[in-house]
Structure formats: C-alpha cells, structure tokens
Amino acid sequence: MTSPSASAPARAATKRTVLMCRPEHFTVSYRINPWMHPEDPTDTSLAVRQWETLHAKYVELGFEIHLIDPIPGLPDMVYAANGGYVLDGIAYGAKFEYPERQPEGPAYMDWFRANGFDVREPVATNEGEGDMLLVGDTIYAGTGFRTDPASHDELRAIYQREVVTLKLIDPSFYHLDTAFAVLDSKGGPDSVAFLPKAFDARSLDILDERFPDAIHVNDEDAKVLGLNSFSDGRNVVIASRATDFERQLTERGYIAHGVDLSELLLGGGGVKCCTLELRS
Ligand code: ARG
C-alpha cells in the first residue's frame with residue numbers, strides 16, 4: 001500500500017457494494033482469449049488463496065460484499081464482472097459470446113432475482129460490466145471482441161443514460177475493463193486511466209477529448225492487467241506488478257493497494273474481472 005503524494009488533490013472514498021465468486025472450480029480448460037493456454041497447468045487452490053486476498057482487501061476497505069455460489073464446470077465464473085450490469089437497482093443480464101460461458105448468464109440472473117434486483121433479459125450479446133463502465137452519468141461501453149453494439153442500445157433504453165461506444169482493437173485487451181479503469185466514478189478530466197493502443201482512432205479521440213488528464217499506462221503495466229483495477233474514489237486495488245501505474249496513482253492522490261492474482265491472470269482476468277459492482 002502506498003500513501004498519496006502530499007501535493008496531490010484529496011480524494012474521497014465512497015463505500016462500494018460488490019458481487020464476487022470464489023474460484024473453487026477455476027482452471028483453464030478452453031481458450032477464448034490470448035491469455036489462456038489450456039495445455040499449461042493451473043493451481044485451483046492457489047487461485048482461491050489469491051482471490052481470498054482480494055476479498056480480504058475489500059473487507060478492509062469497508063465494502064459490502066455479496067457472494068454467488070460457484071458452479072462446477074464453469075471455470076470462468078470467478079470473473080463476476082461479466083455476469084451482468086447493475087445500476088439503479090436494475091440488473092441487465094449478460095449473454096456470453098462463447099458457448100463455454102453461456103450458462104453463466106442465467107446463473108447470474110437467478111442470483112439478481114433472488115436478491116431483489118429488477119432483472120432485464122438481454123437480447124444482444126454482452127459481457128456485462130466487463131464491457132460497460134460508468135463515469136459520472138455516462139456509460140462507456142466496449143465492443144470489438146465480445147459485446148455487440150446492439151446491446152449498447154439496450155443499455156440506453158434501460159438506464160436512460162448517455163452510452164458512449166468504444167471500439168477495442170487489440171485481442172489481448174478484449175474487454176473494456178482490461179484497457180480502461182474508472183478511478184473516480186464522479187467523473188472529470190482526470191477520472192480514468194487507459195491504454196491508448198487498445199482503442200481505434202475514433203474512440204481514442206473521444207477519450208482524449210473527455211479525459212484530457214487521464215493516466216496512460218505503459219505496456220508493462222498493461223501486460224499484467226494493471227488497468228483491470230477497482231477504485232472507491234480514493235483506494236485503488238490493482239495488480240501488485242503494475243508498479244508504474246501505482247506510481248502514477250500515488251502522484252495523483254490515490255492510495256494504491258497491490259494484490260497478486262497471478263493465477264487468475266492465466267484465464268485472462270484480474271482485480272476488476274473478479275468484481276461486479278451492485279448499484280441500488
Ligand atoms: N477467461 C475469461 C474470458 O475470456 C476472462 C474474463 C475476464 N473478465 C473481464 N471482465 N475482463 O471470458
């Protein structure tokens with residue numbers, strides 16, 4: 001953990017409510033992104049221990065944490081961010097691109113229903129908060145690899161918010177949350193961090209115009225999924241190996257908390273992937 005630099009602006013934390021899924025059945029048995037190598041061994045108990053450190057960090061930060069039961073045969077279910085999108089107490093369900101993950105959509109919708117959310121069944125393919133991130137009153141929505149832009153129209157209709165489409169072009173950064181991090185969900189010119197090379201030219205113009213003071217991360221930090229982080233506005237939980245990102249966060253008044261999720265990186269996911277925010 002690092003303390004914020006004395007000259008940086010003061011940052012305020014807002015308590016977060018999140019949904020997580022213990023990786024009891026985690027492994028890499030298929031390949032749907034370039035990070036996954038089914039021929040290489042994985043260590044499920046190590047994945048669980050590392051995930052416990054993320055869970056413990058969220059407890060320490062005072063978050064309200066809900067858990068969904070992991071289902072055997074769904075090794076990627078730990079990446080809860082893909083399980084749906086929740087805002088205004090409404091849960092827009094996920095509809096996964098690849099058959100291997102498709103049963104996760106209904107499983108998460110069942111959880112949302114059982115926990116009092118107003119569930120909207122998706123028509124278009126979308127991978128939940130992995131591709132939809134709220135900054136201020138705008139939803140930034142990714143496309144290019146998984147989420148169909150038709151789902152961006154569904155988002156607009158459901159939440160009555162501005163939805164800005166961002167196109168991803170690098171297969172290693174296939175979900176928006178692998179290339180774009182919300183540091184301060186209230187918004188503002190410096191409220192996000194991103195990896196410029198992950199976006200097409202039109203999307204990059206939008207990001208530069210709306211976030212002129214954003215943090216740009218380097219390739220090394222991007223390669224350990226440093227951007228796949230979760231912030232409460234003051235505390236930013238990141239991959240411990242993303243050291244330059246950590247330095248930039250500290251300079252800007254955030255407290256960076258590093259966690260090691262190396263085992264879950266073998267599936268192509270990190271901190272944010274394991275975290276679905278529940279907004280009432
Ligand atoms: N193996 C999973 C997949 O490819 C990883 C998902 C990562 N989740 C995320 N929100 N980026 O679908």
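In listed order, ligands and their atoms are each counted from 1. No experiment lies behind these values; they were computed from the predicted model shown. Side chains are part of it too, since the values below use all heavy atoms of this structure and drop only hydrogens, waters and symmetry mates. Nothing fancy with the numbering, it's 1 onward along the sequence.
By the 4.0 Å N-to-carboxylate-O rule, Glu104 lies close enough to Arg101 to be salt-bridged with it. A salt bridge links Lys186 to Asp184: one of the charged nitrogens lies within less than 4.0 Å of a carboxylate oxygen. In this structure, Glu277 pairs ionically with Arg16, as a charged nitrogen and a carboxylate oxygen lie closer than 4.0 Å. Salt-bridge formation is detected for the pair Glu121/Arg113: a Lys NZ or Arg NE/NH1/NH2 atom is positioned less than 4.0 Å from an Asp or Glu carboxylate oxygen. Using a 4.0 Å cut-off between charged nitrogen and carboxylate oxygen, Arg210 and Glu162 count as a salt-bridge pair. A salt bridge links Lys272 with Glu129: the distance from a Lys NZ or Arg NE/NH1/NH2 to an Asp or Glu carboxylate oxygen falls below 4.0 Å. Ion pairing of Lys223 with Asp221 is absent here, as no side-chain N (NZ or NE/NH1/NH2) approaches a carboxylate O to less than 4.0 Å. A salt bridge does not link Arg146 with Glu97: every distance from a Lys NZ or Arg NE/NH1/NH2 to an Asp or Glu carboxylate oxygen is 4.0 Å or more.
Residue Thr178 has at least one heavy-atom neighbour below 4.0 Å for each of these atoms of ligand 1: 11 (N). Every atom of ligand 1 with a heavy atom of Asp76 under 4.0 Å away is listed here by number and element: 1 (N), 2 (C), 3 (C). Per-residue contacts place Gly130 under 4.0 angstrom from the following atoms of ligand 1 (heavy atoms of the residue considered): 10 (N). Ligand 1 places these atoms under 4.0 Å from at least one heavy atom of Gly268: 7 (C). Remark: ligand 1 atoms within the under-4.0 Å shell around heavy atoms of Gly267 are 1 (N), 2 (C), 5 (C). For ligand 1, the atoms sitting less than 4.0 Å from at least one non-hydrogen atom of Ile32 are 3 (C), 4 (O), 12 (O), numbered in the order shown with element in parentheses. Close approach of ligand 1 to Met36 (heavy-atom distance below 4.0 Å) involves ligand atoms 1 (N). Against a heavy-atom cut-off of under 4.0 Å, Asn82 is close to the following atoms of ligand 1: 6 (C), 7 (C), 8 (N), 9 (C), 10 (N).
For Tyr174, the heavy-atom gap to ligand 1 drops under 4.0 angstrom. Using a non-hydrogen distance threshold of 4.0 Å, Arg146 registers as a contact of ligand 1.
Within a 6.0 Å radius of CG in Asp40, more than 12 heavy atoms belonging to other residues, nucleotides or ligands are found.
Figure legend: Arg11 and Tyr254 shown as a cation-pi pair, the cationic atom lying under 6.0 angstrom from the six-membered ring centre and within 45 degrees of its axis.
At a 3.5 angstrom cut-off on N or O pairs, Tyr79 does not count as close to ligand 1. Polar contact with ligand 1: present for His175 (N/O pair, distance under 3.5 Å).
Shortest contact from atom 10 (N) of ligand 1 to any protein heavy atom: Asp177 OD2, 2.8 Å. If you check which protein heavy atom lies closest to atom 9 (C) of ligand 1, you get Cys273 SG, 2.7 Å. The nearest protein atom to atom 4 (O) of ligand 1, hydrogens excluded, is given as Asn33 ND2, 2.7 Å; this is a heavy-atom distance. Atom 12 (O) of ligand 1 has its closest protein heavy atom at Arg101 NH1, 2.7 Å.
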